[in-house]
Amino acid sequence: MPRPFYITTAIDYANGAPHLGHAYEKVLADVIARYQRLQGRSVHFLTGLDEHGQKVQQTAVKRQIEPQVFVDEIAVTFQEMLRNFQISNDDYIRTTEPRHKAVVQDFLQRLFDQGLIYKGQKTDWYSTRQEQFLTDKDRDENGNWPEIFGEVTQTTEENYYFKLSQFQPWLIEHIQSHPDFINPRFRQKQVLEFLKEPMNDLCISRPKSRLTWGIELPFDHNFVTYVWFDALTNYYSAVATKGLWPADIHVIGKDILSPPHAVYWPCMLKALNIEPPKQLLVHGWWTINAQKASKSTGNASETLSLVQSHGADAFRFYLCRDMVVGQDADFSVKTFGERYKSELSNNLGNLVNRLLNMVGRSYAGIIPSPAADEELEKSLKDLWVITERKVLAAFEESQISHALEALWVFISAMNAYIDTRAPWKLAKSTEAVDRAKLDSCLATVAEGLRLVATVLTPIMPSTCEKLLQNIGADPVRHFAGQLAWSNVCVGRKVSERCILFPPVDPKPEEATA
RNA sequence: GGUAGCGUAGCUCAGAUGGUUAGAGCGCGGGACUCAUAAGCCUGAGGUCGGCAGUUCAAUUCUGCCCGCUACCA
């Protein structure tokens, strides 16, 4: 029995509404999780919410509610997003849960007992008005503190530090000897560059006088732990009792690769004598209509409404199709609409109806047996072998856009194949030879579509299920034995008509954009 | 300022561990067809692969410098 495949996303910070970036990361992880399940592996897929910290506390105070009440509200909106995008996570961790707090405190205590956490002092400038610490880069060009900070005072604060620096040599060696640790590879350089400089130890606490909304240090009740020990530990705390560690993939954005995930997290684990995760899968950022995604303009949240108009699967498809994992991509309603119409409605959806109609007309809806396979059929089958190999390789590398590219080459080839065969002509012929060709043509397209829908299931689960059902095929449970060209659809009854991707009218304000 | 990434057809982007005429989709022009969600197919136009220099028999692909954009760090 192989070890279960454990995949996570970063946990979202509970301060604000879910937006495109949140959704994308879940979709990417979900596609990989579904792929692995179809490959027959047992999968554990975790996502969750990061609920502590200054900003949450501030917002709660502002709204005059308990922080827990506030994050409970936020959690609902994020979980609703997961449902909207058909995310198949097996667990949802919230950092305010007892199971999480217990592990965080255990980690901290163990490191403290080993002498890897120590108390230190640091002198800082503090802005009372903004309630934040300042650094030299906050100064204006004359070296003064800008007006917005109000009175700035110098303070000395005691805090706890984790001896991060002593794990630096190990980390460099680990990254160099595990080329798959950071995917895509080019991100690795960035991390190794960062590691050329000596690291500072990591400040891991805040005094309760400043921050109460956090997990208390087990060895000093006057402090809570701050950010990284709280947030990163979720990956472990969620499966602490399940024996699933190490994680196979942490799906994260490029902004939190270095230092948090590529430096702090592996060093924390090393200090605790726990294996590091196998891989960090680092995706880029979406811009919205060529502009940076912004909470203030709300552009990143508004895009999510396309789930309602076009459906979760179409949205998932677009996200997977248009972003090369690791690079940035631009999201636009226009591009979304074009992809939807062209690739989903016209290429794929219409192809399904071409088949259904012809099978209905010539065979009373029963898929015929391929009676006369010739060169045309053979070359399509050969193309499938290539396509299958490319698609699976792309999934294995988490390069979903490559899988879709290859798949659409095959879909186009099927449309071209139909035109070459011209089954509407064959259907008018009374010659047995033509009838045999017609049999083959429709059987071939049916089988091609079955294969496409099978392998496309991780990306568009509902649509593929519907497609398979409409061509009389069984739902996909596993890829095993399902990806080879076969005649399983022969004799199956197809439905009359199936609109997988109905035309969607653009909203009035978008039509002019 | 340092580091990394990006800069390829009108648009959005793939790709090349250096090697025949650099690819796709969309958009645009032309054509034949009609089974289908006015979809599909064929075909054409369109690029000195950011600029300069170097290494090489050969560079868009490697190296250096420069320019522009982005991110991280200081």
Side-chain angles (χ1 to χ4, degrees), chain A residues 135-139 182 184-200 253-263 282-287 289-293 318 321-363 376 390 394 399-428 438 441-442 445-446 449 470 494 496-505:
Chain A
T135 65
D136 283 334
K137 72 177 168 184
D138 292 316
R139 293 178 191 268
I182 299 170
R185 193 74 54 87
F186 71 80
R187 294 274 173 213
Q188 198 189 80
K189 284 187 196 170
Q190 210 176 318
V191 177
L192 288 171
E193 284 300 326
F194 176 86
L195 290 171
K196 279 182 182 167
E197 300 295 320
M199 293 191 289
N200 294 321
K254 65 178 184 178
D255 55 317
I256 50 172
L257 170 65
S258 179
H261 284 79
V263 178
V282 187
H283 62 78
W285 277 119
W286 285 94
T287 53
N289 296 322
Q291 292 185 316
K292 196 174 173 181
Y318 176 67
R321 180 66 187 78
D322 258 33
M323 182 173 267
V324 176
V325 175
Q327 309 282 6
D328 291 348
D330 186 55
F331 185 104
S332 85
V333 174
K334 186 165 169 280
T335 316
F336 187 113
E338 283 169 1
R339 289 247 188 244
Y340 180 85
K341 186 172 191 305
S342 168
E343 295 182 9
L344 294 180
S345 297
N346 297 351
N347 294 342
L348 177 58
N350 182 55
L351 173 60
V352 174
N353 268 340
R354 295 180 92 178
L355 174 75
L356 297 189
N357 190 277
M358 290 186 286
V359 173
R361 198 180 282 206
S362 301
Y363 297 91
L376 282 175
K390 283 184 182 171
Q399 284 298 347
I400 315 302
S401 67
H402 293 183
L404 289 172
E405 259 179 75
L407 214 44
W408 254 255
V409 168
F410 182 72
I411 290 169
S412 284
M414 279 202 283
N415 272 314
Y417 162 77
I418 293 178
D419 279 64
T420 309
R421 264 286 179 242
W424 51 90
K425 282 183 190 162
L426 298 172
K428 287 173 189 158
L438 182 60
C441 177
L442 300 187
V445 173
L449 276 173
N470 275 279
V494 305
E496 281 186 15
R497 189 177 145 91
C498 161
I499 302 294
L500 293 175
F501 306 102
V504 178
D505 289 328

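The chains referred to below are lettered A, B, ... by the order of the sequence lines, with proteins before strands, and numbering in each begins at 1. Only heavy atoms go into these numbers, but all of them, side chains included; no hydrogens, no water, no symmetry mates.
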Practice task
Ignoring the backbone of R354(A), work out which of C35(B), C26(B), U12(B) is nearest its side chain.
Solution key: C35(B)

Problem - N350(A) side-chain N/O to G40(B) phosphate OP1/OP2 under 4.0 Å - result: no

Handout entry: Integer-rounded Å distance: G15(B) P and E405(A) CD
Key = 8 Å

Practice task
For nucleotides A45(B) and A24(B), find the distance between their P atoms and express it as a whole number of Å.
Solution key: 12 Å

Exercise for the section: Determine the Euclidean distance between corresponding P atoms of A39(B) and C28(B); express it in Å to zero decimal places. Expected result: 11 Å

Problem - Parallel, tilted or perpendicular, as decided by the 30° and 60° cut-offs, for the rings of W285(A) and H283(A) - result: perpendicular

Practice task
Indicate, with a heavy-atom threshold strictly under 4.0 Å, whether N347(A) touches base, sugar-phosphate, or nothing.
Solution key: sugar-phosphate

Handout entry: Shortest non-hydrogen contact between S401(A) and R321(A), atoms and distance
Key = CB-O, 3.6 Å

Practice task
Can you tell me the distance, in whole Å, between the CD1 atom of I418(A) and the P atom of A36(B)?
Solution key: 12 Å

Fill in the blank from the handout: Of the candidates A14(B), G25(B), C35(B), the side chain of V324(A) sits closest to A14(B)

Practice task
Indicate, with a heavy-atom threshold strictly under 4.0 Å, whether L355(A) touches base, sugar-phosphate, or nothing.
Solution key: nothing

Handout entry: Pairwise 5' ranking along RNA chain B for N353(A) and T420(A), keeping only the more 5' one
Key = N353(A)

Problem - A329(A) or G349(A), whichever maps to the more 5' nucleotide of RNA chain B - result: A329(A)

Exercise for the section: Sticking with atom P, work out how far U63(B) lies from A4(B), rounded to a whole angstrom. Expected result: 11 Å

Practice task
Report yes if a donor N or O on one partner sits less than 3.5 Å from an acceptor N or O on the other, where the partners are the side chain of N346(A) and the base of A39(B); otherwise report no.
Solution key: no

Completion exercise
Minimal heavy-atom distance between A394(A) and H402(A), with the atoms involved, is CB-CB, 3.9 Å

Practice task
Mind calculating the distance between CH2 (W285(A)) and P (C6(B)) to the nearest angstrom?
Solution key: 19 Å

Handout entry: Strand RNA chain B in bracket notation, Watson-Crick/G-U under 3.5 Å with | for pairs to another chain
Key = (((((((..((((.....[...)))).((((.........)))).....(((((..]....)))))))))))).

Handout entry: Rounded distance in Å - CG (D419(A)) to P (U43(B))
Key = 12 Å

Handout entry: Closest non-hydrogen atom pair between V325(A) and P184(A), with its separation
Key = O-CG, 4.1 Å

Handout entry: Side-chain N or O of S258(A) closer than 4.0 Å to phosphate OP1/OP2 of C72(B)
Key = no

Exercise for the section: Using only side-chain N and O atoms of K254(A), determine if any of them is under 4.0 Å from OP1 or OP2 of A4(B). Expected result: no

Exercise for the section: Return no unless some side-chain N or O of R339(A) is found under 4.0 Å from OP1 or OP2 of U12(B). Expected result: no

Problem - U17(B) to U60(B) separation - P atoms, rounded to the nearest Å - result: 16 Å

Exercise for the section: Counting heavy atoms from C-beta on, name the nucleotide in C41(B), C35(B), U34(B) closest to the side chain of A416(A). Expected result: C41(B)

Handout entry: Heavy-atom check, side chain of F501(A) versus side chain of N346(A), under 4.5 Å
Key = no

Problem - Expected output: side-chain Y340(A) to main-chain P502(A) donor-acceptor under 3.5 Å - result: yes

Exercise for the section: Just say parallel, tilted or perpendicular for the rings of F331(A) and Y318(A), cut-offs at 30° and 60°. Expected result: perpendicular

Practice task
For side-chain contact (heavy atoms from CB on, under 4.5 Å), just list the numbers for L449(A) and I411(A), CA-CA rounded to whole Å, side-chain angles, deciding distance to a tenth of an Å, and then say yes or no.
Solution key: CA-CA 8 Å; L449(A) 276 173; I411(A) 290 169; 6.0 Å; no

Problem - Atom-pair distance (NZ on K390(A); P on A24(B)), nearest Å - result: 13 Å

Problem - Spacing between Y363(A) atom OH and C35(B) atom C1', to the nearest angstrom - result: 13 Å

Practice task
Quote, to the nearest angstrom, the P distance that separates A16(B) from G68(B).
Solution key: 29 Å

Practice task
Using modelled atom types only, decide if a donor and an acceptor are shared between the side chain of E496(A) and the backbone of L356(A) within a distance under 3.5 Å.
Solution key: no

Problem - Rounded P spacing from C69(B) to A74(B) in Å - result: 23 Å

Problem - Integer-rounded Å distance: C73(B) P and N200(A) CG - result: 13 Å

Exercise for the section: Grab the CG-P distance between D330(A) and G25(B) for me, whole Å please. Expected result: 21 Å

Exercise for the section: May I ask you to say what S342(A) touches in the nucleic acid, namely base, sugar-phosphate or nothing, with a heavy-atom cut-off under 4.0 Å? Expected result: sugar-phosphate

Practice task
Return the nearest nucleotide to the side chain of W424(A); candidates are G25(B), A36(B), C33(B).
Solution key: C33(B)

Exercise for the section: Return yes if some donor-acceptor pair links the side-chain N/O of N415(A) with the main-chain N/O of N347(A) below 3.5 Å, else return no. Expected result: yes

Exercise for the section: Give V409(A) one of three labels, base, sugar-phosphate or nothing, depending on what nucleic acid heavy atoms sit under 4.0 Å from its own. Expected result: nothing

Practice task
Between G47(B) and G1(B), how far apart are the P atoms? Round to whole Å, please.
Solution key: 37 Å

Problem - Integer angstrom distance from the C1' of G51(B) to that of U8(B) - result: 15 Å

